[in-house]
Protein chains: 2
Amino acid sequence: MQHLDDTDKKILNLLQKDSRLTTKQLSLKLNLSPTAVYERIKKLERQNYITNYVALVNAQKIEKDFVVFVMVQLTQHSTKNIEDFEKKIMALPEIVACFHTSGTYDYLLKINLKNMKAFRKFMIEKLTEIPHISNTQSVFNIHEVFNYTALPV
Amino acid sequence: MQHLDDTDKKILNLLQKDSRLTTKQLSLKLNLSPTAVYERIKKLERQNYITNYVALVNAQKIEKDFVVFVMVQLTQHSTKNIEDFEKKIMALPEIVACFHTSGTYDYLLKINLKNMKAFRKFMIEKLTEIPHISNTQSVFNIHEVFNYTALPV
DNA sequence: CTTGAAAGTCGGTCGAC
DNA sequence: GTCGACCGACTTTCAAG
């Protein structure tokens, strides 16, 4: 499968919103047989268009809805420093995303915590303990307008 | 359920990584009966700890792995302007996340596109068409170190 | 691609502890 | 809270067109 046809795209868009849709339900939406839908999904999985299926958890309910974006500048950009830094970052469960970025700062981190107090503790005890950091800037999330896991196909 | 016990937390952590685990598979990992696991999952769903189940799609395969973070400054912060802006932003499928933030800029947008050319087109034809924007700064993703959908419970 | 059928598994419900 | 048993619905595979 070199490119996806409209039916494949519809399947991907639907499953990105709700992976619990059965082949039967999908077959009704797509005017296809359940077997055909099944074969297409298996193909999408086999060819790695679909990487995995996950449950999404409510950050508020588990008290992890205080979100901060921390931009980090490194002292030097040697391979060793970068590998060192990324390794240390990966070990911190509060950091849910880490992007190596262009611009003034080298990394953009997304942190999920309980509240400001937890953030203060995290910064003092964990992030500033990591070597090679020269400077950070924290941007606080005031309101999450939206944050999709789905990509438009 | 006011608070989650260790078993609930384990279930949430496991399902956040792979929602296709059956109650039977979970029961073996947790030394519990499948029914007990089933009841706990249903409770977690009912009480909105688990909001939904989704398929994750490989951004590379669908040519949407060029990621840019755009920070946006508004001209004025009136309620009308904010509502207006957020509404327009929501209508753009390239924008996969939008956070109202503290600091110099008012919004942090995450954009998924094919390449730089598509980004240029997006900026010229779509983003700058939106009213009330005074200033933007684009930060390009050089490398995604990690980007989890799972939160540590 | 379709239909139909078969086998095995799972989700979901039940009564009982 | 736990468990074992049950049944219908589903997934998954296959044959045939």
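Chain A is the first sequence line, chain B the second, and so forth, proteins listed ahead of strands; every chain is numbered from 1.
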Inset, instruction - For A:Lys126, enumerate each residue passing the salt bridge (charged side-chain N to carboxylate O under 4.0 Å, His left out) test, keeping only those at least two apart in sequence or located in another chain. - result: A:Glu94

Legend entry - Under 4.0 angstrom between A:Lys42 side-chain N/O and D:dT12 OP1 or OP2: yes

Legend entry - Test item: side-chain donor near acceptor, A:Asp106 and A:His100, under 3.5 Å: no

Legend entry - Between D:dT12 (P) and A:Lys24 (NZ): distance, integer Å: 15 Å

Legend entry - First and last nucleotide of DNA chain C, 5' to 3', lying under 4.0 Å from heavy atoms of chain A: C:dC1 to C:dG4

Legend entry - Touch class at under 4.0 angstrom, heavy-atom based, for A:Thr22 against every strand present: sugar-phosphate

Inset, instruction - Using atom CG of B:Leu4 as one end and atom C1' of D:dG1 as the other, report the distance to the nearest whole Å. - result: 16 Å

Inset, instruction - Check the distance between D:dT11's P and A:Leu15's CG and give it to me in whole angstrom. - result: 11 Å

Inset, instruction - Please state whether the base of D:dG4 and the side chain of B:Thr35 form at least one donor-acceptor pair under 3.5 Å? - result: yes

Legend entry - Between B:Tyr148 and B:Gln16: side-chain donor-acceptor atoms closer than 3.5 Å: no

Legend entry - Nearest-Å distance for atom pair CD/P, residues B:Glu39 and D:dA5: 17 Å

Legend entry - Presence of salt bridge, B:Asp5 and B:Arg40, under 4.0 angstrom: yes

Inset, instruction - Could you say whether B:Tyr38 or A:Ala36 is positioned toward the 5' end of DNA chain C, judged by the nucleotide with the nearest heavy atom to each? - result: A:Ala36

Legend entry - Side-chain donor-acceptor contact under 3.5 Å, B:His132 with B:Asp84: yes

Legend entry - Whole angstrom value for the distance that separates P of D:dT13 from NZ of A:Lys43: 15 Å

Inset, instruction - Determine, for A:Arg20 against B:Glu45, whether the closest basic-nitrogen to carboxylate-oxygen distance falls under 4.0 angstrom. - result: yes

